Number of protein chains: 2
Amino acid sequence: MKRPTIADVARRAGVSKGAVSYALNGQRGVSEATRQRILAIAAEIGFSPSSAARALSGATAKAVGLALCRPARILGIEPFFMELISGVEAELSARSYALTLQVVADQDAEIAVYRRWWAERRVDGVFVCDLRTEDRRVPALEELQLPAVVIGGPGHTGSLANVWSDEAAALAETVEYLVALGHRRIARVGGLPALLHTEIRSDAFTEVCGRLGLDESVTVWSDYTGEEGARATRRLLSSPNRPTAVIYDNDVMAIAGLSVAQEMGLQVPGDLSIVAWDDSPLCQLVHPPLTALGRDIPAYGAHAARQLLRVIAGEPTGGLQDETAHLTPRGSTAPPRVR
Amino acid sequence: MKRPTIADVARRAGVSKGAVSYALNGQRGVSEATRQRILAIAAEIGFSPSSAARALSGATAKAVGLALCRPARILGIEPFFMELISGVEAELSARSYALTLQVVADQDAEIAVYRRWWAERRVDGVFVCDLRTEDRRVPALEELQLPAVVIGGPGHTGSLANVWSDEAAALAETVEYLVALGHRRIARVGGLPALLHTEIRSDAFTEVCGRLGLDESVTVWSDYTGEEGARATRRLLSSPNRPTAVIYDNDVMAIAGLSVAQEMGLQVPGDLSIVAWDDSPLCQLVHPPLTALGRDIPAYGAHAARQLLRVIAGEPTGGLQDETAHLTPRGSTAPPRVR
DNA sequence: CTGAAAGCGCTTACAG
DNA sequence: CTGAAAGCGCTTACAG
């Protein structure tokens, strides 16, 4: 089946190829009546302009890129990324932009992908996830002048636009809630320490614990996997002065932690309260359902996409603060049982 | 920063653009020494051929498409898709192919996306997921002559190539294992009935239960969500002659089912054995860990990608059978407690 | 083995 | 408001 070209449309409409181009792109240069006739013919013969030809003529590629730097099993189990992608996609496809996805092994590979995409003119811009405090991707993208939006922050984004959520405030709210329930020994199982948002949460945890005089608070580090979350929980619950509440940096580790508590014969929430960051349907699958910090991740992705299209269009764009995660109390938190 | 073009490389190397093209694409027409010199210069100035120009010149777009027809929250919670994508991606990027992702609302929208991709020459081929018994996408793709690989089957794929796994055998093995443990009343919580693989599993379930004389077997339908899985489980466990074992069509429903059993005061596995399809890290997060049917999903994706590249290359390609899921017994299955 | 040239299908100044 | 034409950066027959 031969694909229709702009020449086919022009011939049928009895106009020049230029006129068809103007009509399709909503440019002035054709009368409204002609435009309508051209659009009708294009629809009739199923014409869509070749993205290659369009990109080559200096117009945009109508595609943006997302590189993900996580192993397959983590990508699979974390609902976060797929929800983010869904939201990004919804916004992009409404504007006829395609999303190009690439899984990379490390930052160097990711930067190489950006360079290739740029050289190939394959994308008009990119999203940057999992920002680090010293992130080499930021200067690399600045040097390429490839439009980019960082999904994260605030801070450490150089001259790049970003969308972010106030993680410090969400963490403080959580600790205050646990203290209000009567907890004093609160632990936190953190995610990868190299990630900026982990650092932001850690600093906030230290700050709020200091402010509230919780001198037995402790943070242990993990990597977002269930295995590590379970191990960290075992360590915490084996200490002589074990915590009465644990805040986990993601849902997967929280569920693993719940399982460990049950395995060690502890009642949740009687002996141990559990809070999960990243509220997802997973949190309501377990028994008891987990108290969790959640926000609308597809919307976050949609906002990032809108922001990136703005950068690509050359509009002035800076940082955009998204909603702060809110706490949904469920069965996994309660006042500590007196021992 | 100006992007280097093939002309820049040609000028530096003192050869024609054609020679550079031949050198880059491994074609005959340049001496080996010249080829090496050209490649070195290309690497030095960071040249990658414009994908747009390349696609326009009749070469391939070096991109393939994947349309996903599931709502955001299901995509997020099912590890299957992200693991599949990881595997697809690994294979594609090794061959310098990009993956274009689009989330669609229904089959009509998906077909429209295929038509647009085809008209735009945006992709060289596509993957088809979630095959149905009467699937309109198959004739649509045949008509477009857009290279495609169905991830699913066997059967109902028309003239399209496919990769598939023997779900019937895996189901039979599971039922036989439960019967060997002493179970006679086995129930199944199925996924969406419109999907071919659900039908294949259902037919296999009926067949094996008939063969083994399990006349109290029952299947209830669900939609892969935890909510529906929980509801189906409540219904099953409330019946006077409740099953002693339940097989779930995905991990999420199985975890929800475990939670419902615990909530109803039943011991797992003493009062109820549970088997999950789609073994994923989730199955090991809960207590007890779930006996599950698993296989290597990233590898499945990689095989699908290799198959699609073969179709694109015009090589003869038919159906490719992937490994059959195998049962990993864990703590959620045991002989039924005598009542 | 190498070079000059046509052509892919668009967009966009430039004339009319 | 419309048409003819150049040009984007490649690939690939066609001559030499």
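Each chain gets a letter, A, B and so on, in the order its sequence line appears, and its residues count up from 1. Computed from a predicted model, the values in this text were never measured in an experiment.
The line from CG of A:Leu192 to CG of A:Asp130 is 8.0 Å long, rounded to the nearest 0.5 Å. Taken from CZ in B:Phe47 to CD in A:Glu120, the straight-line distance is 9.5 Å, to the nearest 0.5 Å. Here CG of B:Leu68 is found 6.0 Å from CZ of B:Phe81. Values are rounded to the nearest 0.5 Å. To the nearest 0.5 Å, the span separating CG on B:Leu320 from CG on B:Asn162 amounts to 8.0 Å.
Contacts of A:Arg132 classified as side-chain hydrogen bond (donor to acceptor under 3.5 Å, both in side chains), with partners at least two apart in sequence or in another chain: none. Evaluation of the side-chain contact (heavy atoms from CB on, under 4.5 Å) rule for A:Ser93 yields A:Glu89, B:Gln102 as partners, not counting sequence neighbours. In terms of the side-chain hydrogen bond (donor to acceptor under 3.5 Å, both in side chains) criterion, residue partners of B:Arg137 (sequence neighbours excluded) are, by chain and number, B:Glu110, B:Asp135. Taking the side-chain contact (heavy atoms from CB on, under 4.5 Å) definition, one finds that A:Glu134 meets it with nothing, sequence neighbours left out. With sequence neighbours left out, B:Tyr97 forms a side-chain contact (heavy atoms from CB on, under 4.5 Å) with B:Thr60, B:Lys62, B:Val64, B:Leu92, B:Arg95, B:Asp124, B:Leu309, B:Ile312.
Note on residues 37-55 of chain B: pairs passing side chain to side chain donor-acceptor pair (under 3.5 Å), not counting sequence neighbours, are B:Asn25-B:Arg54. Contacts classified as side chain to side chain donor-acceptor pair (under 3.5 Å) and involving residues 301-310 of chain B (residues at least two apart or in different chains) are given here: B:Glu91-B:Arg306, B:His303-B:Asp322, B:Gln307-B:Arg310.
Near-neighbour residues of DNA chain D inside residues 8-18 of chain A, defined by a heavy atom below 4.0 Å, number-ordered: A:Val15, A:Ser16. At a non-hydrogen distance threshold of 4.0 Å, nothing from residues 39-50 of chain B comes into contact with DNA chain C.
Comparing B:Ser57 and A:Leu24 by the nucleotide of DNA chain C that holds the closest heavy atom to each, the one mapping nearer the 5' end is B:Ser57. Each of A:Ile6 and B:Ser31 has a nearest nucleotide on DNA chain C; the 5'-most of these lies closest to B:Ser31.
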Pair up each side-chain donor or acceptor in residues 146-161 of chain A with any protein partner under 3.5 Å, not counting sequence neighbours, and list the distances.
from     : atom 1 : to       : atom 2 : distance (Å)
A:His156 : ND1    : A:Thr133 : O      : 2.9
A:Ser159 : OG     : A:Glu142 : OE2    : 2.8

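When DNA chain C is scanned in the 5' to 3' direction for atoms under 4.0 Å from non-hydrogen atoms of chain A, the outermost contacting nucleotides are C:dG9 to C:dA13.
Counting heavy atoms from C-beta outward, A:Trp117 and A:Thr100 have side chains that approach closer than 4.5 Å.
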Problem - Bracket string, DNA chain D, 5' to 3' - pairs by Watson-Crick or G-U geometry under 3.5 Å, | interstrand - result: |||.||||||||.|||

